[in-house]
K.L.:
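Pasting in a structure now, in C-alpha cells, and then I'll have a few things to ask.
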There are 2 protein chains.
Amino acid sequence: MGKLERHATIADVAALAGVSVGTASKALNGRGSLREETRMRVREAARQLSFEANAGARSLHSGRTYTVGMITTDTIGRFSIPVLIGAEDALGAGEMSVFLCDGRDDPIREQYYVRTLLSRRVDGIIVTGRRTEARAPIAADLPVPVVYAFISSADPGDCSVVPDEAGGARKAVEHLLAVGRTRIAHVTGPEHHNSARVRAAAARERLAEDGLEPAAPPLFGGWSEAWGRQAVGILLAGRAEFDAVFCGSDQIARGVCDALRAAGRRVPQDVALVGFDNWDVMTEGCQPPLTSVDMNLEGLGRAAAEMLLAAINGTPSPGWHALPCHLVVRESSAVPPTIKTSNEL
Amino acid sequence: MGKLERHATIADVAALAGVSVGTASKALNGRGSLREETRMRVREAARQLSFEANAGARSLHSGRTYTVGMITTDTIGRFSIPVLIGAEDALGAGEMSVFLCDGRDDPIREQYYVRTLLSRRVDGIIVTGRRTEARAPIAADLPVPVVYAFISSADPGDCSVVPDEAGGARKAVEHLLAVGRTRIAHVTGPEHHNSARVRAAAARERLAEDGLEPAAPPLFGGWSEAWGRQAVGILLAGRAEFDAVFCGSDQIARGVCDALRAAGRRVPQDVALVGFDNWDVMTEGCQPPLTSVDMNLEGLGRAAAEMLLAAINGTPSPGWHALPCHLVVRESSAVPPTIKTSNEL
DNA sequence: AGCTTTCCGGCAACCGTTTTCCTTATTTTC
DNA sequence: GAAAATAAGGAAAACGGTTGCCGGAAAGCT
C-alpha cells in the first residue's frame with residue numbers, strides 16, 4: 001500500500017553493509033576481489049533495501065543504454081503488432097527494453113520521436129509499419145543503427161527486413177495448381193499499393209511458367225471484405241470461367257467467399273480460395289476455414305531485432321532481406337478426391 | 001550514410017561556443033542570466049553538432065526520467081492496442097516516452113519487467129490487458145504509481161480505469177427496446193469470464209426494469225464467430241420466439257448474423273442484432289453493418305495515462321474508475337417503420 | 001574619485017555507478 | 001625475521017548534465 005519513499009542508492013546499500021560504495025558496486029557486479037562474506041553482506045543489504053541499480057547512471061558510464069526505439073510509421077496497426085511482439089521478444093531476451101513510438105504517419109511526429117530517442121541514447125532503432133511503397137529513410141547520418149521491418153527503406157544501403165511476398169504469392173498459385181485448378185482469378189488491393197502489384201505480378205508469372213493465363217485480369221480494389229464481395233459480382237458478370245480465386249488479403253477472400261456462397265457457388269468444390277495474411281480472425285471466421293499465405297511477421301520482427309543487435313555490436317547487415325512466407329492449407333482449397341469425383345460426374 | 005561517430009556532449013558544445021559547460025547548459029535551457037549574443041552562439045554550436053542532451057544524465061539530477069512503463073499482461077492483443085495507443089498519445093503530449101513490455105500472461109516475465117522498469121527509474125507504470133477477472137496487483141509497495149487500464153486490480157486501493165460494461169449492455173438493450181423489440185436473446189462469451197457475466201446481468205436487469213423477461217436464458221459459450229453460429233442453432237431449436245439478439249462481442253454477433261441469414265431470418269427485419277466492441281473489421285464486414293457498443297478503449301488509455309501523470313505529480317486517484325461506453329447504431333438494428341409495418345401485416 | 005549595483009559567466013558540487021588506482025593488512029617465501 | 005607477494009577494500013576520478021554561488025567588470029550614483 002504505502003509506496004516506498006524513494007529508490008535506494010548504492011550508497012544506502014554500502015552504508016548498511018558497512019563498506020564503501022566502490023566495494024558495494026564490486027560486490028553486486030561480481031568484480032574486484034572481495035571476501036565471500038563481504039559479498040554476501042552487501043547482497044543481503046541490497047535485498048533488504050530492494051535496491052535496483054539506476055540504469056541511467058550506469059549507462060552514463062558504459063555508453064550503452066540497452067534500450068532500442070521502435071517507431072511505427074502508420075498508426076500501430078494489425079501488421080505492426082506481430083512485428084512488434086517478435087522484436088520485443090528477441091530484444092527482451094537480450095535484456096533490452098523497447099521504447100514504443102507511434103508515428104501516426106506524420107513526418108513531424110516521426111522526427112520528434114527520432115530526436116527523443118536519440119536524446120534517450122537508444123542503442124538502435126527499428127522502424128516498422130505498413131506503407132504503400134518503400135519509405136524514405138527516417139533520417140540521415142544517425143549515430144545509431146536502424147533496421148526497417150516489414151516496411152522497407154528506399155535507401156538500399158539501409159537494412160530492411162521484409163516478407164518475400166512474391167514467393168508467398170507463388171506458393172499460393174502453386175498450391176492451387178497442385179489441387180488441379182487451372183482457371184485462377186486474382187482479387188487484390190489497390191494498384192498503387194506495392195504489395196498488391198508484387199503479389200499480382202508473381203501470381204501471373206507463376207501461372208505463365210505452367211503455360212497458363214489468369215482466368216481474368218487481376219482485379220485491383222481495396223483490402224476490404226466489401227471489395228471482395230463486389231469483385232465476385234464483377235467476375236460473375238464477366239464471361240470468364242474460374243475454378244479458383246487467389247486473394248490479396250484474407251479480408252478480401254472472406255468477402256469473396258461470402259459472395260460466392262450467396263451466388264450459389266460452393267467453396268471449395270466449385271471455387272477454391274486462397275487468402276493472404278493468415279489472420280486467424282478471418283481464416284477461422286470464414287466458412288469453410290480459409291487457406292492463406294502466412295508472412296510470419298513475428299519471425300520477421302525477431303529477425304529484425306537480431307539484425308539490429310548484430311549491428312549494435314558492430315556487424316551490420318545492410319540491404320534488403322526477404323524472409324520466406326509459407327502457406328497454411330485449410331478447407332477452402334482442400335479438394336477431397338470424392339468431391340472432385342462427384343464434380344466429374 | 002556514414003553514421004556519426006558519437007553523440008556530442010555539452011562539453012563539445014561549450015568548447016565550440018567558447019564558454020564553460022555551465023554556461024552552455026544555461027544557454028540551452030534558458031536559465032541563468034546571459035547575454036542574448038552568448039545564448040545564440042551556444043545554440044548555434046549545439047545545432048552544428050546536432051547536440052541532444054543525454055536524457056539519462058539529465059534525469060540523474062532531476063530525479064525524473066519522463067518515461068513510463070506499460071505492461072500488457074496477456075500477449076499484446078486486440079484490446080491492449082487501442083489502450084496502448086491512447087496512453088502513448090496522452091503521454092507523448094506530456095513529453096514522456098513509453099517502455100513497452102509484453103507480459104505474455106507469465107508472472108515470471110511480469111516480475112522481471114517490473115524490476116527492469118524500476119531499474120530504469122520509470123516515473124510510473126500502466127498495466128493493461130484482458131483477463132477473465134480482476135488481477136492481483138502487479139507488486140506491493142512500488143516506489144512509483146501504477147494505473148491499471150482496461151484490466152482492473154483486485155486491490156481497491158489501486159487505481160483502475162475500466163469501461164462501464166454494464167452501462168454499455170444497458171444501452172444496447174435500451175436501444176433494442178426503443179426500436180420496438182421485446183423478445184431479446186443474449187449470446188455471449190464464457191461464463192467464467194467476468195465481462196460475460198456483467199454484461200448478461202446488466203442486460204437482464206435492464207429488461208426487468210421494463211417488466212420483460214429475456215427471450216431465452218443467456219447463452220454462454222466462447223467469444224468466436226463459430227460460437228455465434230452454433231448459438232443460433234440452439235436458439236432456433238428452442239421453442240422461444242425472439243426478435244433481437246444482443247451479443248457479447250462483435251465476433252459472436254457476426255456468427256449469429258451469418259447463421260440467421262443461412263436459416264432464412266432477415267437482419268434486421270426479423271431479428272435485430274447488437275454486438276459489443278465496435279470492432280470495425282466485424283461491424284463493417286457484417287451484412288448488414290453491425291450496431292455495436294463501443295468501449296472507447298483509446299479514450300480509456302488516454303484517461304489512464306492522465307491519471308498516471310496526475311499521480312506522478314502527487315495527486316493520485318485511487319479506486320475504480322468506470323468510463324461510459326456508447327452505442328454506435330448501424331443497419332443491423334435499424335428498423336425503418338415501413339418494414340416494421342410490413343412485419344405487422 | 002569612491003562606492004554600490006547590475007550584469008555575465010565561470011567554478012564546483014552534485015546526481016548514482018563503475019572502475020582504476022592505491023593503501024593497508026595478511027601471507028608467503030627465502 | 002625481513003622482503004616480497006597477495007588479498008581486501010577504500011579513495012577518487014570519470015560519465016554528462018544542472019544549478020547555486022561567487023567574482024570581476026562595467027555602469028550608475030553621490
Side-chain angles (χ1 to χ4, degrees), chain A residues 4-43 45-46 49-67 95 116 118-123 143, chain B residues 4-43 45-46 49-67 116 118-123 143-144:
Chain A
L4 260 46
E5 256 334 289
R6 59 184 203 85
H7 292 276
T9 73
I10 200 168
D12 299 331
V13 174
L16 181 56
V19 297
S20 71
V21 286
T23 304
S25 172
K26 287 171 201 158
L28 294 173
N29 297 306
R31 292 273 154 65
S33 70
L34 304 180
R35 249 181 309 166
E36 190 55 25
E37 188 269 328
T38 314
R39 237 178 251 288
M40 292 308 285
R41 196 147 39 86
V42 173
R43 270 206 273 270
L49 301 172
S50 46
F51 167 78
E52 284 289 341
N54 183 324
R58 175 177 274 169
S59 63
L60 208 47
H61 225 259
S62 65
R64 283 202 46 184
T65 56
Y66 294 91
T67 59
E95 310 264 284
T116 16
L118 289 182
S119 92
R120 296 201 185 278
R121 296 294 188 270
V122 292
D123 294 333
Chain B
L4 260 46
E5 256 336 288
R6 60 182 202 87
H7 293 275
T9 73
I10 199 166
D12 300 330
V13 175
L16 181 56
V19 295
S20 71
V21 285
T23 304
S25 171
K26 287 170 198 160
L28 295 172
N29 296 306
R31 292 273 154 66
S33 70
L34 306 179
R35 245 179 312 164
E36 190 54 28
E37 189 269 329
T38 314
R39 237 177 253 287
M40 292 307 287
R41 196 148 36 86
V42 174
R43 271 207 273 270
L49 301 173
S50 45
F51 166 79
E52 285 287 344
N54 182 325
R58 176 177 272 168
S59 62
L60 210 47
H61 218 257
S62 65
R64 284 201 45 183
T65 55
Y66 295 91
T67 59
T116 13
L118 289 182
S119 93
R120 297 200 184 279
R121 296 295 186 268
V122 293
D123 294 333
V144 297

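None of these values were measured; they are calculated from a predicted model. Chain A is the first sequence line, chain B the second, and so forth, proteins listed ahead of strands; every chain is numbered from 1.
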K.L.:
Would you mind reporting whether A/Phe51 and A/Ile10 have side-chain heavy atoms less than 4.5 Å apart?
P.N.:
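When only atoms from C-beta onward are counted, A/Phe51 and A/Ile10 do touch, with a gap below 4.5 Å.
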K.L.:
Rounded to whole Å, please give me the gap between NE2 in B/His7 and C1' in D/dG17.
P.N.:
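Atom NE2 in B/His7 sits about 15 Å away from atom C1' in D/dG17.
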K.L.:
Between P on D/dT18 and CZ on B/Arg64, what's the gap in Å once rounded to a whole number?
P.N.:
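Roughly 16 Å, once rounded to whole Å.
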K.L.:
What heavy-atom pair brings B/Tyr66 and A/Arg120 nearest, and what distance separates the two atoms?
P.N.:
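Looking at all heavy atoms of both residues, the shortest contact is O-NH2, 2.8 Å.
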K.L.:
Identify, with sequence neighbours excluded, every residue that meets salt bridge (Lys or Arg N to Asp or Glu O under 4.0 Å) alongside B/Arg64.
P.N.:
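B/Arg64: salt bridge (Lys or Arg N to Asp or Glu O under 4.0 Å) contacts with B/Asp123.
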K.L.:
Quickly work out the B/Arg58 CZ to D/dG16 C1' distance and round it to whole Å.
P.N.:
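It works out to 11 Å between those atoms.
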K.L.:
Please give, in whole Å, the distance from C/dG9 P to B/Leu28 CG?
P.N.:
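From B/Leu28 CG to C/dG9 P: 14 Å.
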K.L.:
Might you list the N or O atoms of the protein lying below 3.5 Å from N or O atoms in nucleotides 11-15 of chain D, with each pair's distance?
P.N.:
from, atom 1, to, atom 2, distance (Å)
D/dA14, N3, A/His61, NE2, 3.2

K.L.:
Could you tell me if the side chain of B/His7 sits less than 4.5 Å from the side chain of A/Leu118, heavy atoms only?
P.N.:
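A side-chain contact under 4.5 Å exists here.
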K.L.:
If you take any heavy atom closer than 4.0 Å to DNA chain C, which residues from residues 29-36 of chain A end up in contact?
P.N.:
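Output list: A/Asn29, A/Arg31.
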K.L.:
Looking across every strand, which nucleic acid part, if any, lies under 4.0 Å from B/Ser62 by heavy atom: base, sugar-phosphate, or nothing?
P.N.:
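Nothing, no nucleic acid heavy atom in range.
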K.L.:
Just how far, in rounded Å, is P of C/dG9 from CD of B/Glu37?
P.N.:
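In whole Å, C/dG9 P lies 8 Å from B/Glu37 CD.
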K.L.:
Considering just the side-chain nitrogens and oxygens of A/Arg121, establish if one lies under 4.0 Å of OP1 or OP2 belonging to D/dG17.
P.N.:
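Yes, within the criterion.
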K.L.:
Taking NZ, NE, NH1 and NH2 as the nitrogens, is one of them in A/Glu36 or A/Arg43 under 4.0 Å from a carboxylate oxygen of the other?
P.N.:
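A salt bridge links A/Glu36 with A/Arg43.
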K.L.:
May I have the distance from B/Asp12 (atom CG) to D/dG17 (atom P), rounded to whole angstrom?
P.N.:
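Between P of D/dG17 and CG of B/Asp12: 8 Å.
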K.L.:
Please check if any side-chain donor atom of A/Ser59 sits under 3.5 Å from a side-chain acceptor atom of A/Ser62, or the reverse.
P.N.:
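Side chains of A/Ser59 and A/Ser62: no pair found under 3.5 Å.
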K.L.:
Examine the side chains of B/Ser119 and B/Thr116 and answer whether a donor and an acceptor come within less than 3.5 Å of each other.
P.N.:
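Checked: B/Ser119/B/Thr116 side chains show no N/O donor-acceptor pair below 3.5 Å.
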K.L.:
For residues B/Val122 and B/Val144, report the shortest heavy-atom separation together with the two atoms involved.
P.N.:
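Minimum heavy-atom contact is O-CG1, 3.3 Å.
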K.L.:
Do you know the tightest heavy-atom contact between B/Arg121 and B/Thr65?
P.N.:
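Nearest pair, atom of B/Arg121 first, then B/Thr65: O-OG1, 2.7 Å.
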